[in-house]
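Take a look at the structure set out below.
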Amino acid sequence: MFKKIMKGGGGHKKPSKSDDPSAVARNSQAAANVIVNHASRGGGGGGGNGASGTNLIAPAAAPMPILPPSGPMEPLPMFRDVPVSEKQNLFIRKLHVCCYILDFLDTMKNVREKEIKRQALMDLVDFIRSGSGKITENCQEEMIRMISVNIFRCLPPASHENTGQEITDPEEEEPCLEPSWPHLQLVYELLLRYVVSSDTDTKVAKRYIDHSFVLKLLDLFDSEDPREREYLKTILHRIYGKFMVHRPFIRKAINNIFYRFIYETERHCGIGELLEILGSIINGFALPMKEEHKLFLMRALLPLHKPKSVGVYHQQLSYCITQFVEKDFKLADTVIRGLLKYWPVTNCQKEVLFLGELEEILEATQAAEFQRCTVPLFKQISRCLNSYHFQVAERALFLWNNEHIVSLIAQNRTVVLPIIYEAFEKNIHSHWNQAVHGLTVNVRKMFLEMDAELVEECQRQHTEKESKAKEVAEQRELNWKRLADAAAQNGADDMVTV
């Protein structure tokens, strides 16, 4: 029995079948029904729910992909060359041709079939774009099935998986480009044109662009090909705008992707694109803001500062966070404390990013919210001012270049200056970088112009503290000397006794 299994599963295919596109398509059809479980790469089967593992099993309600016609692939006439009465039938036939899944790893294989499929896809895109004829419901169903056959697939494992290679920095990795992109791009373009078309009736379209379809689209955001992620971003954003019924589901599904990324894998290619979509969504939130949206901020967006790869998507994340504060200024205290919670300890490049984001948040912060977080905020800024990494110290001092932040500090100078004065003195007397030294002197002058008496009082307290610290150090040194002398005396006495 074992030999039979090995013979059936591992035998070589006949050359004639490997070159037959209909056979390739039938094999792809069989593969479409296979259950796939993968540790970190979604894409293709259906729906992982995010925080728990990804189980790529197509739901029972999902339509099965159509079988391609048997026999060799034949070219079809252009839409412009057939009468109107024949266009719907030709539309279906072209969809059937586009269901052939061809091998793009071998550029010399199925060259004729690839060109026929490409021409068919281009003609379908032009037909939808032109709006020359309203497609029937049956045509829409067949089109979504064809799109599903082409784009929903298992993504290849990341370069570090199953290879024994070390996990590298995502910013330094070369993206793995999709070899079938010449066809895949046209399929995505067709889907985009269908979604944005004014002729597309959402009541009909939502039967095919359903939750299962949306979930599979979201799985594909983990594709390493940036061209594919760009199309997915545009299409999902358009679906969100057009299909209001899907909006809560899309937000929840993106939430789950974030949770899994933050707390499980810390590996995902499409976090930046998903945040770009969310930036636009957050911009459209109505006021007063729903509790659901505030929870999303605290549970998903703020923890996204935690992963090491935050630099890859920090610009988009910072925009989303700032949008929340601009929408509802009362959230500033929550956001600033959340940022302080995830503040990096040893990663100086992340600190520079955090300081830039902090400036944007403070620019949208009102006085009352600023007062609530002044003490923890400036304790952290004080540590940044004394950083030996000059870019961190420099970026912290640049906060005083912002007029709105300076006005907030001026209103709360009696709290702020005592916290950071020691950091100023340390920089002026001992920081190795001349630019940091000069900036510190300038900021200290600003405080002197604001309130000379407060600066003098801080100077007096600092001098007293230094004096006491010196006395404590001298006393400690004296105590150690006494202990050393006593130990030496005891040693001498022991020697005499012996």
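Owing to the predicted nature of the structure, the values given are computational and were not obtained by experimental measurement.
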Spell out, as yes or no, whether a donor-acceptor pair under 3.5 Å connects the side chain of Asp103 to the backbone of Asn110.
no

Tell me which one of Ile282, Thr234, Leu236, Ile250 satisfies side chain to side chain contact (heavy atoms under 4.5 Å, CB included) with Ile277.
Leu236

Would you check if the side chain of Arg227 reaches a backbone N or O of Trp181 as a donor-acceptor pair within less than 3.5 Å?
no

Got a donor-acceptor contact below 3.5 angstrom from the Asp225 side chain to the Glu178 backbone?
yes

I'd like to know if the side chain of Arg260 reaches the main chain of Thr265, judged simply by a donor and an acceptor atom lying under 3.5 Å from each other, with no hydrogens or angles considered.
no

Does Arg80, at its CZ atom, have more than 12 non-hydrogen atoms belonging to other residues, nucleotides or ligands within less than 6.0 Å?
no

Residues Thr374 and Phe370: closest non-hydrogen pair is OG1-O, 2.6 Å

Looking only at atom types and distance, does a side-chain atom of Ser130 sit under 3.5 Å from a main-chain N or O of Asp126, one as donor and one as acceptor?
yes

Least distance between heavy atoms, Leu408 atom then Ala367 atom:
CD2-CA, 3.8 Å

List the steps, then state whether salt bridge (Lys or Arg N to Asp or Glu O under 4.0 Å) holds for Lys117 with Glu113.
CA-CA 6 Å; Lys117 181 178 176 180; Glu113 288 80 3; over 6 Å; no

Would you verify whether the NZ or CZ of Lys94 falls within 45 degrees of the ring axis of Phe127 while also being under 6.0 Å from that six-membered ring's centre?
no

Within residues 332-347 or reaching into it, pairs that qualify as salt bridge (charged side-chain N to carboxylate O under 4.0 Å, His left out) - sequence neighbours excluded:
Asp333-Arg337

Ignoring hydrogens and geometry, is there a side-chain-to-backbone donor-acceptor pair from Lys327 to Asn283 under 3.5 Å?
yes

What heavy-atom pair brings Ile254 and Leu278 nearest, and what distance separates the two atoms?
CG2-CD1, 3.7 Å

Where do Phe91 and Glu142 land on the side-chain contact (heavy atoms from CB on, under 4.5 Å) test, with the steps shown first?
CA-CA 9 Å; Phe91 193 88; Glu142 296 296 306; over 6 Å; no

Identify the residue among Phe354, Tyr342, Trp343 that makes a ring pair (Phe, Tyr, Trp, His ring centres under 6.0 Å) with His305.
Phe354

Could you check whether any side-chain N or O of Thr136 sits under 3.5 Å from a backbone N or O of Cys139, counting only pairs where one atom can act as donor and the other as acceptor?
yes

Once you measure the plane-to-plane angle for Phe243 and His246, does it fall in the parallel (<30°), tilted (30-60°) or perpendicular (>60°) bin?
parallel

So Asn402 and Leu362, do their side chains get closer than 4.5 Å, heavy atoms only?
no

Contact list for residues 231-251, test salt bridge (charged side-chain N to carboxylate O under 4.0 Å, His left out), sequence neighbours left out:
Glu230-Lys233, Lys233-Glu276, Arg251-Glu292

Verify, without hydrogens or angle tests, whether Arg153 (side chain) and Ile151 (backbone) share a donor-acceptor contact under 3.5 angstrom.
yes

To the nearest 0.5 Å, what is the distance between CD1 on Ile147 and SG on Cys99?
10.0 Å

Looking at Leu217 and Phe152, what are the two nearest heavy atoms and their distance?
N-CE2, 3.8 Å

Are the side chains of Tyr313 and Pro307 in touch, meaning some heavy atoms are under 4.5 Å apart?
yes

Using the ring of each side chain (for Trp, its six-membered ring), is Trp400 parallel, tilted or perpendicular to Phe378, with breaks at 30° and 60°?
perpendicular

Side chain of Ser197, backbone of Tyr194: donor and acceptor closer than 3.5 Å?
no

Non-hydrogen atoms of Ser387 and Ala393 that approach each other most closely
O-CB, 3.9 Å

Assess the residue pair Arg129 and Glu189 against the criterion (salt bridge (Lys or Arg N to Asp or Glu O under 4.0 Å)); give the C-alpha distance rounded to whole Å, side-chain angles, the decisive distance to 0.1 Å, and a yes or no.
CA-CA 10 Å; Arg129 185 190 285 126; Glu189 186 65 27; 3.7 Å; yes

Hey, mind stepping through Tyr208 and Met143 against side-chain contact (heavy atoms from CB on, under 4.5 Å) and telling me if it holds?
CA-CA 10 Å; Tyr208 315 115; Met143 181 174 65; over 6 Å; no

Heavy atoms, side chains only, cut-off 4.5 Å: are Ser180 and Leu105 in contact?
no

Quick one: NE2 on His389 to OG1 on Thr346, what's the gap to the nearest 0.5 Å?
12.0 Å

How about Glu394 and Phe398: do any of their side-chain heavy atoms sit closer than 4.5 Å?
yes

So, Asp123 side chain and Phe79 main chain: donor-acceptor pair closer than 3.5 Å or not?
yes

Could you point out which residue of Thr365, Leu358, Leu297, Leu301 forms a side chain to side chain contact (heavy atoms under 4.5 Å, CB included) with Val335?
Leu297

With side-chain contact (heavy atoms from CB on, under 4.5 Å) as the test, would you mind laying out the steps for Gln349 and Gln391 before giving the verdict?
CA-CA 8 Å; Gln349 292 305 319; Gln391 288 179 333; 3.5 Å; yes

Measure the spacing between CZ of Phe261 and CG of Leu304 and express it to the nearest 0.5 Å.
6.5 Å

Where Val82 and Pro77 come nearest, the two heavy atoms and their spacing
CG1-CG, 4.0 Å

What I'd like to find out is whether the side chain of Ile257 reaches to under 4.5 Å of the side chain of Phe221, using heavy atoms alone.
no

Answer yes or no: are there more than 12 heavy-atom neighbours, outside Tyr388 itself, under 6.0 Å from its atom OH?
no

Hey, does Phe285 have a side-chain heavy atom less than 4.5 Å from the side chain of Gln323?
no

Among residues two or more places apart or on two chains, list those pairs meeting salt bridge (charged side-chain N to carboxylate O under 4.0 Å, His left out) that have a residue in residues 353-368.
Glu359-Arg395

Supply the atom-to-atom distance Gln119 CD to Cys98 SG, rounded to the nearest 0.5 angstrom.
11.0 Å

Evaluate Val245 against Thr202 for side-chain contact (heavy atoms from CB on, under 4.5 Å), listing each step before the verdict.
CA-CA 10 Å; Val245 68; Thr202 52; over 6 Å; no

So do the side chains of Pro75 and Arg112 get within less than 4.5 Å of each other, counting heavy atoms only?
yes

Between CD1 on residue Ile116 and CG on residue Leu76, distance to nearest 0.5 Å
8.5 Å

Do His268 and Phe258 come close enough that some side-chain heavy atom pair is under 4.5 Å?
no

Can you tell me how far CD of Gln140 sits from CD1 of Ile128, rounded to the nearest 0.5 angstrom?
8.0 Å

